[in-house]
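Source: prediction; values computed, not measured. The basis for the numbers below is simple: all heavy atoms, side chains too, and nothing from hydrogens, waters or symmetry mates.
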There are 2 protein chains.
Amino acid sequence: MREPLPADMFDELCPSPLNPIRFGDKWAALIIRCLEDGPRRFSELRVPLRRVTPKVLTGSLRSLERGGLVRRTVLAGATPHVEYELTPLGRSMLVPLAAACAWTEEHWDELIDARESYDDASGPRPAHAYAPGPAAGRPGG
Amino acid sequence: MREPLPADMFDELCPSPLNPIRFGDKWAALIIRCLEDGPRRFSELRVPLRRVTPKVLTGSLRSLERGGLVRRTVLAGATPHVEYELTPLGRSMLVPLAAACAWTEEHWDELIDARESYDDASGPRPAHAYAPGPAAGRPGG
DNA sequence: CAGAATCCGTGGGGATACTG
DNA sequence: CAGTATCCCCACGGATTCTG
C-alpha cells in the first residue's frame, strides 16, 4: 500500500501480442495491477510504466475512468497532485483478471509453440501466407 | 453438437465497446462460442456472424488458428468443405472466457452508468473533453 | 507535477467485387 | 462453398515538444 512501485514490476515483453486475453486498451491491465494496493500518483505510475509516454498513459487512465474502473482525484495544494485509485467496480475486475493471468501463465508455452509452428508452416509458403497477428495484449505476467 | 447455429445467437450490440474484457480480436470470442459444441463449417459460422464480412471472418479464424486455439481442417470431396474446431488449448480458454462473461453480465448496468455519467460530466465541457473509447469488445453476452 | 498539443505511422476492420 | 483481391477509413498508440 505504501511501498513505491518497483521499476521492474513488468518485464519488457509485457504486454505481449501472444496473449489473446486483453483488458481494456494496451496498458490498462498493467495500470490496474499498479493500483491493486491503493491509490497512486501519476508520476508513481510512470515508474513501472516508463515505456509508456505521458500522453498514452493519460489516455489509458481517462479510458479507465470513463469505464468506471478508476477514480481520478485532484488533491488541493500549491503544486499539482493527482491520485488514481480503483473503484469498487475496478477492484471487482481483479477476479477475472486473475483468472486470465492464470490461464496465460499456464498455457504460455503452448501459445509460443502454436505461433511458432504456424509461422514455420505458412511462412515459407509462396502465396496466401496471410498471417495477421491478433489484436491482443498480455494482461499481467 | 448437431443443431445448426441460431441466426440470433448474438444480439446487435455484441460485441460492445463498453466491455473492457476482450479475447483475441473483435470477433474471436463470438467465434469461440460458436465452436463450443463441436466443429463448424465456414458457412455455418456465417449464420450467427452474418454481420462479419467473409474477409474479416477468415482473418479472425486465421488469427485463432495461429494462436493455437482453433484447428482448420479441409475435408476431401468434390466441392470445398472446411471445418473449424477448438483445440484443447482453445477449449481451455472457455474457463476464463466464462469468468469474463460472468463479470460483464454482473456489472453491465454499472458499466453503462459509468460511461453515461462520465460523458454527461465531460461532454458539455469546453476544452479537454478528451474521451477516447477503450479498445475493447464485448466477449459473449 | 501532471499533463496538453501536434504530428504521424501502422493496421484492424469494413465495403465491394471477384474466383477456383 | 470457401474463400481472395482491392480499396479505404480512422482509431490506437508512439515521438516530440510545450505549459499552467
Next item on the list: Would you please test A:Met93 and B:Ile21 for side-chain contact (heavy atoms from CB on, under 4.5 Å) and show each step?
Entry: CA-CA 9 Å; A:Met93 201 185 205; B:Ile21 311 180; 3.7 Å; yes

Notebook entry, point to check: Mind checking whether A:Leu49 and A:Val47 sit in one hydrophobic cluster, side chains of I, L, V, M, F, W, Y counted as touching below 4.5 Å?
Noted result: no

Check: ring-ring contact (aromatic ring centres under 6.0 Å, His included): which pairs involve residues 42-98 of chain B, sequence neighbours left out?
Finding: none

Notebook entry, point to check: What is the distance from CZ of A:Arg66 to C1' of D:dA11, rounded to the nearest Å?
Noted result: 13 Å

Item checked: Spacing between A:Arg22 atom CZ and C:dG12 atom P, to the nearest angstrom -> 11 Å

Checklist line | Rounded distance (Å) that lies between atom P of C:dG14 and atom CG of B:Leu49 | finding: 11 Å

Check: With hydrophobic residues grouped by side-chain heavy-atom distances under 4.5 Å, do A:Met9 and A:Leu97 end up in a single group?
Finding: yes

Check: Between B:Arg51 (CZ) and C:dG13 (P), how many Å, whole number?
Finding: 14 Å

Margin query: Expressed as a whole number of angstroms, how long is the span from B:Lys26:NZ to D:dC9:P?
Written below: 18 Å

Check: Is any side-chain heavy atom of A:Lys26 less than 4.5 Å from a side-chain heavy atom of A:Pro15?
Finding: yes

Could I get a table of every N or O pair under 3.5 Å where one atom is in the protein and the other is in nucleotides 1-3 of chain D?
residue, atom, partner, partner atom, Å
D:dC1, O3', B:Arg41, NH2, 2.9
D:dC1, O3', B:Pro80, O, 3.4
D:dA2, OP1, B:Arg41, NE, 2.8
D:dA2, OP1, B:Arg41, NH2, 2.8
D:dA2, OP1, B:Val82, N, 3.2
D:dA2, OP2, B:Ser43, N, 3.0
D:dA2, OP2, B:Ser43, OG, 2.5
D:dG3, OP1, B:Arg72, NE, 3.3
D:dG3, OP1, B:Arg72, NH2, 2.6
D:dG3, OP2, B:Tyr84, OH, 2.6

Next item on the list: Output yes when a side-chain donor or acceptor of B:Arg72 lies under 3.5 Å from a complementary backbone atom of B:Arg62, and no otherwise.
Entry: no

Notebook entry, point to check: How close or far is atom C1' of D:dC12 from atom CZ of A:Phe23, stated in whole angstroms?
Noted result: 20 Å

Margin query: How many whole angstroms separate atom CD of A:Glu65 from atom C1' of C:dA2?
Written below: 14 Å

Check: Whole Å only: how far is the CG atom of B:Leu64 from the C1' atom of C:dG13?
Finding: 15 Å

